[in-house]
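Chain A is the first sequence line, chain B the second, and so forth, proteins listed ahead of strands; every chain is numbered from 1.
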2 protein chains.
Amino acid sequence: MAANPLIRSSRPRSRWAAGLPAVTAEQIIDRALELTAEHGLDGWTLRQLAAAIEAYPAVIYHHIGDREAVVLGVLERVVGMMPLPPGDLPWRDWFRVLVGELRTVLRGYPGVAHRLAVYGPTVQGAVPIIDRGVRLLQDAGFGKESVLAYSMILSTACQFVSVEDERRRGAMDRTRMVDVFGEYRDNADMPGLAAMGAFAYELAENPEKIAGYYASLYDYAVERTLDGVAQRLEDLTDRP
Amino acid sequence: MAANPLIRSSRPRSRWAAGLPAVTAEQIIDRALELTAEHGLDGWTLRQLAAAIEAYPAVIYHHIGDREAVVLGVLERVVGMMPLPPGDLPWRDWFRVLVGELRTVLRGYPGVAHRLAVYGPTVQGAVPIIDRGVRLLQDAGFGKESVLAYSMILSTACQFVSVEDERRRGAMDRTRMVDVFGEYRDNADMPGLAAMGAFAYELAENPEKIAGYYASLYDYAVERTLDGVAQRLEDLTDRP
DNA sequence: ACCTGAACACCGTTCAAGT
DNA sequence: ACCTGAACACCGTTCAAGT
């Protein structure tokens with residue numbers, strides 16, 4: 001049978017034959033970063049990533065490795081975007097600025113906060129942040145507790161962004177909360193539940209307030225955490 | 001062709017024909033709970049669960065619904081195991097006891113803490129805990145902030161257990177941390193990193209200390225959080 | 001060295017058909 | 001009502017073979 005005349009040229013059977021440049025690891029991570037910004041770190045598959053760079057899945061294995069290796073590449077990139085706050089700030093202000101930037105950056109890459117909370121400091125790009133942060137705590141007087149305090153603060157920040165990521169993804173519908181608490185809203189016998197119910201209603205009726213709620217929960221958590229750590233420093237230095 | 005004489009009776013073509021009782025939703029969740037205790041909430045598949053109850057996957061859909069519905073069933077069961085601390089405790093002690101029990105229960109069902117941090121209070125079984133907790137904060141003087149403070153404390157607790165779950169699952173190898181920080185251990189120019197490196201070494205060389213480390217990180221996070229919240233109460237009531 | 005194309009061993013989910 | 005058995009549309013990963 002003769003070749004179909006409607007097909008002008010048969011599809012080249014290799015990137016090389018098509019005149020395409022070889023794929024690089026950097027390009028793959030570039031594209032994975034974009035897909036993560038669009039759909040979250042768990043919102044794309046290796047096959048979709050391969051399609052996005054117009055290659056076969058095996059090409060990703062050849063240049064980078066398995067999905068986990070690609071994810072680590074994305075983590076490094078995102079951590080690299082984190083600015084280092086000025087080193088002359090008092091420790092509390094330094095951490096306040098850091099976690100403020102942290103949320104801004106991580107909200108652009110849903111799912112990264114979760115991995116960061118777990119892998120935490122094992123990401124190479126975090127090295128300057130860790131050194132500066134731990135040193136500020138050491139200089140402030142936390143002594144051997146500095147590493148623990150640092151881990152707690154950063155972990156808490158990443159965890160709250162992570163929960164925000166997943167709730168935005170729709171893991172918890174707004175309606176679910178009203179379903180569960182609605183009936184208790186005016187229950188005078190259960191004032192604690194009534195308060196939670198009223199709160200759920202307010203968010204359900206004013207969906208535009210949800211973003212603001214996440215921001216204020218984050219700020220609240222960060223401030224309480226820093227308050228608690230500052231309190232600990234007082235206890236440590238008052239009676240040494 | 002005659003029936004193979006080695007097969008005494010042909011396999012019954014239905015549970016009913018085999019004399020097996022009908023599967024119930026309760027049994028399915030029972031088994032899902034056991035699988036979660038063994039392999040974590042993300043460590044079993046619907047097909048494995050179906051095999052465990054000697055049924056087809058479609059049977060689970062018939063009685064319960066999709067995988068998410070099964071997971072919600074497991075969440076309810078685990079939350080139901082949480083004891084309610086005595087109501088006459090001061091708020092701080094009440095929460096300290098609650099989150100202590102929380103970790104004990106949740107560590108037995110890896111992955112549940114993560115879902116709880118996200119779905120949080122939308123689980124029916126949490127209703128008594130929420131009412132008591134929020135009410136204690138209201139009575140202590142947190143006013144309209146009570147719901148926020150409650151959410152922050154419980155969320156923080158669940159999140160730290162969740163990170164512990166995933167690290168235990170091996171998401172972060174112990175060696176990775178040494179790989180990243182090992183070279184900085186004696187670096188006098190980077191004392192913050194050196195402290196982190198020394199810490200990583202200690203855990204890598206004494207793996208039996210890891211469980212203790214998670215416990216102490218959890219306790220540290222809980223105490224700092226409660227300190228921070230208590231500090232906030234002082235600020236709220238000193239100048240009302 | 002880099003890529004192709006197919007295969008393997010899985011998933012969650014759906015559905016017509018049986019009892 | 002409850003279950004069977006197969007099918008559908010996916011996954012991540014591997015690998016011999018091509019260029």
Side-chain angles (χ1 to χ4, degrees), chain A residues 7 9-32 35-36 38-75 111 115 169-171, chain B residues 7 9-32 35-36 38-75 111 115 169-171:
Chain A
I7 299 175
S9 61
S10 71
R11 182 160 146 271
R13 289 196 314 285
S14 77
R15 296 197 121 243
W16 182 84
L20 288 170
V23 169
T24 68
E26 204 193 354
Q27 283 166 22
I28 297 172
I29 304 293
D30 284 346
R31 208 70 190 79
L35 286 174
T36 301
E38 280 177 67
H39 306 111
L41 198 55
D42 297 317
W44 51 263
T45 68
L46 260 193
R47 294 170 114 105
Q48 287 170 349
L49 174 58
I53 57 170
E54 293 178 286
Y56 285 81
V59 173
I60 294 170
Y61 276 80
H62 183 260
H63 287 282
I64 297 188
D66 62 11
R67 194 181 193 283
E68 192 61 20
V70 178
V71 165
L72 288 179
V74 172
L75 288 192
R115 305 300 279 250
R169 210 185 55 184
Chain B
I7 298 176
S9 61
S10 71
R11 183 160 147 271
R13 289 197 314 287
S14 76
R15 295 197 120 243
W16 182 83
L20 287 170
V23 169
T24 68
E26 204 194 353
Q27 283 166 21
I28 298 172
I29 304 293
D30 284 346
R31 209 70 190 80
L35 286 174
T36 301
E38 280 176 67
H39 306 110
L41 199 54
D42 297 315
W44 51 264
T45 68
L46 261 193
R47 294 170 114 103
Q48 286 169 350
L49 174 58
I53 57 170
E54 293 179 286
Y56 284 80
V59 172
I60 294 171
Y61 277 80
H62 183 261
H63 287 283
I64 298 190
D66 63 11
R67 193 181 194 283
E68 191 61 18
V70 178
V71 165
L72 288 179
V74 172
L75 288 193
R115 305 300 278 252
R169 211 185 54 184

Taking the minimum atom-to-atom distance to the side chain of [X], which one of [options] wins?
X: B:Ala22; options: D:dT4, D:dC11, D:dC2; value: D:dC2
X: B:Asp66; options: C:dT13, C:dG12, D:dG12; value: C:dT13
X: A:Arg67; options: D:dG12, D:dA7, D:dC3; value: D:dG12
X: B:Ala58; options: C:dT4, D:dT4, D:dG12; value: D:dT4

Within 6.0 angstrom of A:Glu38 CD, more than 12 heavy atoms from elsewhere: yes
Nearest whole angstrom, please: distance from the [atom2] of [N] to the [atom1] of [X].
X: B:Gln27; N: D:dC2; atom1: CD; atom2: P; answer: 12 Å
X: B:Asp42; N: D:dG12; atom1: CG; atom2: P; answer: 16 Å
X: A:Ile64; N: D:dT13; atom1: CD1; atom2: C1'; answer: 15 Å
X: B:Ile53; N: D:dT4; atom1: CD1; atom2: C1'; answer: 14 Å
X: A:Ile28; N: C:dC2; atom1: CD1; atom2: P; answer: 11 Å
X: A:Ile60; N: D:dT14; atom1: CD1; atom2: C1'; answer: 14 Å
X: B:Tyr61; N: C:dC15; atom1: OH; atom2: P; answer: 12 Å
X: B:Arg47; N: D:dA7; atom1: CZ; atom2: P; answer: 13 Å

Position toward the 5' end of DNA chain D (nearest nucleotide), B:Pro57 or A:Trp44: B:Pro57
Nucleotide paired to C:dA16 in any strand shown, Watson-Crick or G-U, under 3.5 Å: D:dT4
Partner nucleotide, any strand, of C:dC11 [Watson-Crick/G-U, under 3.5 Å]: none
Looking at [X], does any N or O in its side chain come under 4.0 Å of the phosphate oxygens OP1/OP2 on [N]?
X: B:Tyr56; N: D:dC3; result: no
X: B:His63; N: D:dC3; result: yes
X: B:Gln48; N: C:dC11; result: yes
X: A:His62; N: D:dT14; result: no

Shortest non-hydrogen contact from B:Arg47 toward B:Pro57: CG-CG, 4.2 Å
Where A:Val23 and A:Ala55 come nearest, the two heavy atoms and their spacing: CG2-CB, 4.4 Å
Student check: side-chain heavy atoms of B:His63 and B:Thr24 closer than 4.5 Å: no
Side-chain heavy-atom pair A:Arg67, A:Trp44 within 4.5 angstrom cut-off: yes
